[in-house]
Amino acid sequence: MTPFKCLLPVLLATSSHPPPPKLHSVSEVAVSTGSRVVCDVAVVGSGFAGLSAAIEASSQLPDNAKILIVEKNHVVGGNSVMNAGQIACVGSEAQQLANIEDSVELMMEDMLKAGVDLNHPHLLRKMIEESNNVVKWTEQELGIEYRERVTQMGGHSVPRTLSTLNASGNDIVRPMLSAVQGKTNVELLLDTSFQSFIMNDRGDRVQGIRVKNAKKGDETEILCKRGVVAASGGFSADVPFRSIQNPSFDEKVMSTNQPGATAEVLKEALRIGAMPVQLSRIQLGPWTSPDEHGFGKAPFFCLGAGFPYGIIVDPETSKRFVNELGNRFERSMSILKMGHPAVCIVDAEGAQHSLKPDLEELEPTVKPFQSLEELCEHYGMSPQVLAQTVKDYNDGVATGKDEEFGKPFRDDIKPIETAPFYGVRLWPKVHHTMGGLQIDENASVLNLDGNPIEGLYAAGEVAGGIHGGDRLGSCATLDCLAFGRVAGRKAACATPSIVVPPE
Ligand SMILES: Cc1cc2nc3c(=O)[nH]c(=O)nc-3n(C[C@H](O)[C@H](O)[C@H](O)COP(=O)(O)OP(=O)(O)OC[C@H]3O[C@@H](n4cnc5c(N)ncnc54)[C@H](O)[C@@H]3O)c2cc1C
């Protein structure tokens, strides 16, 4: 019998979301022989990349095939489920309705600029070209709904970001889980941690994985006839590993990620000869607050309202110091360079655009003030200097040009003048790891000679090279779903290559 105890998945639902669906039962899809299980495809990780790989693999294989998703946590979804539900897309219906002109080339240009040309163009192009198909797939196959309005995130030169109704990755993970639930050929194994790859005798083909049951501690070999998809996410929460790649990001720097965002699958892939790419490229999020743990609430406020409709100020000078819609690297580094938290300020009009509209729910991280003087008193700022800062900014809004920092103003931008005014302290946290395993357009993991390692595919944050030096907001969801689907399809369609010994 299978040594796994299959558990009902429980999503990390935030309080505002409906309870997640439960699997009716998790049938024993795996044919097991003692501590050895045989399947067609094993997927490591149950975030966007892993779930989309499993769904796609399932659609390519017959009902009696066996696709196993192994997840070390007791819950599904990794970082994906707590993501802000934002996805970049070129040519979406929402963009067309708003008459926004966009193109694959323009999005490539934006991403290459942010990524300081370290992005691998063939992967980038493939991802962007797939964006509209990916969004349609989420709408038509998974029933995901997006808000009507596209937003313009930092570093994107036009509005192209779609947001799910609750601005939450849970809006995407939940239907994906339901889709998995409806497949007879997919099984999800929670509390099951990947340990190492099983290789063929020559050591050049992945034939399976060793996993450990987190509760009982027993180990199992999973032989995979067609392939393994590594979809284990990034390593932002892996302080020892990340601080070797970039010593600035030691234990003193907080992270927005779930604690399981660690590097063990990546390390094992390196051990079998996979090519690493840009591992030191680690992103800080500029919209996080030191006044709360993890990702928190500040980003929902700053992304929708504070940055596009407000200003970021150094409380010591009461002056602006950065383009509020610049890329994440520019904004994070300029805050870090100051050596103390910045303050983001927006008025009542701008605050209406918060991705979480219930502003009371965002307190005390986001604080309302009846006047700018009151706000200055709270943050220890000069009311006279701030009044001048706001006046200069408002003059720019009136002329449509931000002379000082080149912030792109939106069509519906208004001067900062209507009480209450909102303030939130900002200090960057480690958010995303751009580097990882080098893949090709088929999501095959490449070896040190640049050739595919047979039987091994990777997608999502564990793969690298797509975002280059810095990732633009809303591009990771797209990356995970686009390459997750490719990886699942390619693994499922690979010719079965291992002969399973008889019991
Ligand atoms: C708070 C937050 C908000 C974000 N918002 C956005 C956004 O709005 N738009 C956007 O584009 N990007 C966003 N990002 C980035 C994006 O969400 C992530 O890059 C993406 O979710 C990664 O998906 P994934 O499937 O690669 O990994 P994950 O979703 O992290 O899933 C990986 C899974 O693998 C499991 N795993 C790891 N190691 C093992 C092992 N040894 N054995 C078994 N399982 C293992 C993990 O437990 C995890 O569940 C956000 C990130 C965070 C942290």
Side-chain angles (χ1 to χ4, degrees), residues 9 11-12 14 42-54 68-89 127 151 153 161-164 167-173 176 188-196 209-214 229-238 255-269 283 285 287-288 294-300 303-304 328 355 429-434 436 458-464 466-467 471-484 487:
L11 281 178
L12 276 174
T14 58
V43 177
V44 182
S46 68
F48 291 151
L51 291 173
S52 49
L68 298 181
I69 307 172
V70 301
E71 169 56 58
K72 69 178 172 185
N73 285 342
H74 187 58
V75 291
V76 297
N79 279 333
S80 301
V81 78
M82 51 193 236
N83 144 312
Q86 314 245 290
I87 178 166
C89 177
M127 179 189 84
T151 53
M153 296 188 75
T161 296
L162 294 163
S163 180
T164 62
S168 167
N170 197 8
D171 291 345
I172 301 174
V173 169
M176 289 181 117
L188 177 60
L189 306 168
L190 297 176
D191 296 315
T192 303
S193 172
F194 164 95
Q195 303 291 300
S196 58
I209 55 177
R210 292 182 193 86
V211 298
K212 196 177 203 172
N213 182 305
V229 177
S232 50
F235 55 88
S236 288
D238 194 327
S255 168
T256 61
N257 283 207
Q258 58 105 5
T262 49
E264 61 271 14
V265 179
L266 169 61
K267 286 194 286 193
E268 288 304 311
Q283 179 177 76
W287 15 245
T288 46
F295 193 59
K297 295 170 177 173
F300 293 100
L303 280 164
R328 290 176 175 180
L355 293 179
K429 297 179 188 173
V430 174
H431 184 59
H432 191 86
T433 48
M434 274 76 69
E461 209 174 318
V462 74
I466 294 156
H467 305 283
R471 170 174 78 77
L472 286 184
S474 70
C475 293
T477 305
L478 172 60
D479 172 12
C480 294
L481 298 180
F483 280 104

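Hydrogens, waters and symmetry mates play no part in the numbers below; they use all other heavy atoms, side chains included. Note that the coordinates shown come from a computational prediction; the quantities given were computed from them, not determined experimentally. All ligand and atom numbering here is 1-based and tracks the order in the structure.
Note on ligand 1: Gly85 sits in its first shell, one or more heavy atoms being nearer than 4.0 Å. The shortest separation from a heavy atom of Thr192 to ligand 1 is under 4.0 Å, placing the residue in contact. Note on ligand 1: Ser236 sits outside its first shell, no heavy atom being nearer than 4.0 Å. Assignment of Ala231 to the shell around ligand 1 is supported, since a heavy atom sits closer than 4.0 Å. Distances shorter than 4.0 angstrom occur between a heavy atom of Gln258 and an atom of ligand 1.
For ligand 1, none of its N or O atoms has an N or O atom of Thr262 under 3.5 Å away. On a distance-only criterion, Glu461 and ligand 1 share at least one N/O pair closer than 3.5 Å. The shortest N or O to N or O distance between Gly473 and ligand 1 is not under 3.5 Å. Considering both main-chain and side-chain atoms, Ala459 never comes within under 3.5 Å of ligand 1 through any nitrogen or oxygen pair. Any N or O atom pair closer than 3.5 Å counts here, and Ala84 shares at least one such pair with ligand 1.
In terms of protein heavy-atom proximity, atom 17 (O) of ligand 1 is nearest to Asn83 ND2, 3.0 Å. At the shortest separation from atom 51 (C) of ligand 1 among protein heavy atoms lies His431 CE1, 3.3 Å. Closest to atom 42 (N) of ligand 1, if we only count protein heavy atoms, is Phe194 N, 2.8 Å. Of the protein's heavy atoms, Ala49 N, 3.0 Å lies nearest to atom 25 (O) of ligand 1. Looking only at protein heavy atoms, the nearest one to atom 41 (N) of ligand 1 is Glu264 OE2, 2.9 Å. Nearest protein heavy-atom contact of atom 37 (C) of ligand 1 is Ser232 O, 3.3 Å. The protein heavy-atom contact nearest to atom 45 (C) of ligand 1 is Lys72 CG, 3.7 Å.
With a 4.0 Å heavy-atom cut-off, ligand 1 is reached by the side chain of His432 but not by its N, CA, C or O.
Against a heavy-atom cut-off of under 4.0 Å, Arg471 is close to the following atoms of ligand 1: 10 (C), 11 (O), 12 (N), 13 (C), 14 (N), 15 (C). Which parts of ligand 1 touch Gly77 is read off a 4.0 Å heavy-atom cut-off, strictly below it: atoms 29 (O).
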